[in-house]
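Quick notes on the structure that follows.
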There are 2 protein chains.
Amino acid sequence: MTFDALGTDPDDGRPSARGRSDWAYERLHAAIRDSALEPGQRVMETEVSAWLKVSRTPVREAMHRLLAEGLLEPALTGGLQVSFYDLRAISEFYATRERLEGAAAALAAEHADPTERRILSAMLEAMRALPADPRAHARENQAFHEQIYGAAHNRFLLRSLRALLNFVPLLGRTTYHAPDRITEADREHTEVVEAILARDPRRAEEAARAHIRHAYNSRVRVVMEDVRTTAERRSHEKPVLGPLGHASQRT
Amino acid sequence: MTFDALGTDPDDGRPSARGRSDWAYERLHAAIRDSALEPGQRVMETEVSAWLKVSRTPVREAMHRLLAEGLLEPALTGGLQVSFYDLRAISEFYATRERLEGAAAALAAEHADPTERRILSAMLEAMRALPADPRAHARENQAFHEQIYGAAHNRFLLRSLRALLNFVPLLGRTTYHAPDRITEADREHTEVVEAILARDPRRAEEAARAHIRHAYNSRVRVVMEDVRTTAERRSHEKPVLGPLGHASQRT
DNA sequence: GACAATACTTATGTATACAAGTGTATATTG
DNA sequence: CAATATACACTTGTATACATAAGTATTGTC
């Protein structure tokens, strides 16, 4: 039913032969990211198979990957559904991310080689030259953070961070939609990079953690606004987010 | 060839109908854990399928899970192989684990409820009553750490830690094979629990991190011993571990 | 005798057919 | 009218058949 409305997206024609599985994964991931599939909605192999016009086998593998990454979860009725999340989950997410990003920055300060340090500085300048488009900044921001992860030279930390960031698509709009977030982020990024260039792990860690704490605040603002908007638009349906009364886990 | 030697393991008869996939996963996981499949060895779907006497479909899913968890990795020739690791990987593993365990302990100190605190104390005493068997201690130790993870009440941190610890089976024997490690671990565990009971996040974090640092030292000792033993036993084959010259990433 | 091209083998990716379990709806009986 | 039992439909799990790509070996030609 809902799948019909998703369209066929003719730009992204079915791949020649190799990668139907990856392709199905991308399509589902995009559908969740764009809220075409809403949290709690059941996702069935047969339906997706019909939608994407591929057999159940690659669809199955794609859904299992999404299950492992937490974007899908087992439904009470059996089968899988798009994961629910609430403000508590967002709080937990950022608490964990703060630790991991802090660790990455500290290790980058210790282990980044000269080339990696130069690239970090360059990316900083490149971001300043960017237009005020939230999407462009979000993309460059991701590349910037990936650069730090790489400079940390720790494969396990990299894996953990990648797995963690898979959850981001569920959160909706980027934090760069919050007012002044772009300017703030630039200042915070600068402090992180300066600490890394100065080979000061403690300062790098604290700067990175502060950066994530601020991102969390912006995130909450953006999400709360979305909740309000959604509640207004359909006042008698149940809101996407759960009850807001839970104590935040942040320190 | 190697799969014939693994036997049929009649205790664990093939499951009724549901769960061949999980069962295949367990069998492969156990095979890697017990070094029946050595690092670098190629693992083919058809072979495993014939070995376990199930079709390729559940084997495929099991292998994909192991790939996602890092126990298998893409082979240069195509297909999958048991992941290689070296002392550098072990160093990176413990560096990341130190951060995550520290975070879990700190959050547990803040968020553990009275029941969880009581259970932590009880587990501590239970471990003291255990015989000096490394395997028994390893098992209880795992439950103890899981209890801390749960008490942290952070689903993302829990996921990260679980994913990280999936790598442990590749490391071989437990660190409890190192002399005096059982006594040391008890002392370190006690400090962690005391800090959690005292609701002191900083002390809990530092105690947990110190605990992991010590575990790392024991791990290196155990692995080095294994390297020596292996090298003696088959002096003209290539050792399981790579060259040891890499700088450690530890702080 | 050596090098290149072609064919065959092998392993993974994909599709489809089949089985089993669960939930719901309908019909029958008390 | 209500409750229970049976049957059917739906969904996921498993098996097998088929396609494709890659690597190797063999054969033919220079």
Side-chain angles (χ1 to χ4, degrees), chain A residues 1-4 6 8 12-29 31 37 40-83, chain B residues 1-4 8 12-29 31-32 37 40-83:
Chain A
M1 39 185 316
T2 18
F3 287 93
D4 301 333
L6 292 179
T8 318
D12 198 2
R14 227 159 2 290
S16 51
R18 190 187 202 77
R20 292 227 213 301
S21 189
D22 292 341
W23 180 75
Y25 171 83
E26 295 294 343
R27 294 301 302 266
L28 278 169
H29 198 275
L37 300 175
Q41 179 173 349
R42 184 163 178 195
V43 180
M44 288 181 304
E45 295 173 6
T46 50
E47 253 179 328
V48 178
S49 172
W51 170 43
L52 296 178
K53 297 203 180 61
V54 297
S55 77
R56 274 179 55 217
T57 311
V59 171
R60 238 180 121 69
E61 298 193 350
M63 286 175 62
H64 281 331
R65 279 177 65 185
L66 291 165
L67 173 65
E69 292 173 359
L71 268 67
L72 295 180
E73 63 186 7
L76 292 74
T77 65
L80 301 178
Q81 62 184 19
V82 180
S83 293
Chain B
M1 34 187 316
T2 18
F3 289 94
D4 302 333
T8 318
D12 198 1
R14 234 159 352 293
S16 51
R18 191 184 205 80
R20 293 224 212 302
S21 187
D22 293 340
W23 179 75
Y25 171 82
E26 294 295 343
R27 293 301 302 267
L28 277 169
H29 198 274
I32 295 172
L37 300 174
Q41 179 173 349
R42 182 160 179 197
V43 180
M44 289 182 301
E45 295 173 6
T46 50
E47 251 179 329
V48 177
S49 173
W51 170 43
L52 296 178
K53 297 202 181 62
V54 296
S55 77
R56 273 178 56 214
T57 312
V59 171
R60 243 179 114 70
E61 298 194 349
M63 286 176 64
H64 282 332
R65 281 178 64 186
L66 292 165
L67 173 65
E69 292 173 358
L71 267 67
L72 294 180
E73 63 185 7
L76 293 75
T77 65
L80 301 178
Q81 62 184 20
V82 180
S83 294

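Owing to the predicted nature of the structure, the values given are computational and were not obtained by experimental measurement.
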Nucleotide [N], atom [atom2] - distance to [atom1] of [X] in whole Å:
X      : N       : atom1 : atom2 : answer
M44(B) : dA22(D) : CE    : C1'   : 14 Å
L52(A) : dT14(C) : CG    : C1'   : 14 Å
D22(A) : dT14(C) : CG    : P     : 8 Å
R20(B) : dA20(C) : CZ    : C1'   : 11 Å
Q81(A) : dT12(D) : CD    : C1'   : 16 Å

Practice item. Give the angle between the helix axes at the two ends of the helix from dG1(C)-dC30(D) to dG30(C)-dC1(D), taking five base pairs at each end and rounding to 10°. Key: 10°
Can you give me every donor-acceptor pair (side chain of residues 62-73 of chain B, partner residue at least two apart or in another chain, under 3.5 Å) with its distance?
from   : atom 1 : to     : atom 2 : distance (Å)
R65(B) : NH1    : D22(B) : OD1    : 3.2
E69(B) : OE1    : Y25(B) : OH     : 2.7
E69(B) : OE2    : Y25(B) : OH     : 3.0
E73(B) : OE2    : Q81(B) : NE2    : 3.1
E73(B) : OE2    : F84(B) : N      : 3.3

Check your understanding: What's the shortest heavy-atom distance between A24(A) and P58(A), and which atoms?
Key -> CB-O, 4.4 Å
Check your understanding: Taking all non-hydrogen atoms of both residues, which atom of V54(B) and which atom of W23(B) are closest, and how far apart?
Key -> CG1-CZ3, 4.0 Å
**Study point:** Which residues share a salt bridge (Lys or Arg N to Asp or Glu O under 4.0 Å) with R60(A), sequence neighbours left out
**Key:** E45(A), E61(B)
**Study point:** R42(B) vs dA11(C): side-chain N/O to OP1/OP2 distance below 4.0 Å
**Key:** no
Check your understanding: Which residues in residues 56-70 of chain B have at least one heavy atom lying under 4.0 Å from any atom of DNA chain C?
Key -> R56(B), R60(B)
Practice item. Report the residues that fulfil side-chain contact (heavy atoms from CB on, under 4.5 Å) with T57(A), sequence neighbours left out, ordered by chain and then residue number. Key: S55(A)
Review point. Taking for each residue the nucleotide of DNA chain C with the nearest heavy atom, is it L76(A) or S55(A) whose nucleotide lies nearer the 5' end?
Key: S55(A)
Nucleotides 7-9 of chain C: which of its N/O atoms have a protein N/O under 3.5 Å away?
none

Exercise for review: Between dA15(D), dT12(D), dG13(C), spot the one nearest the side chain of E45(B), thanks.
Suggested key: dG13(C)
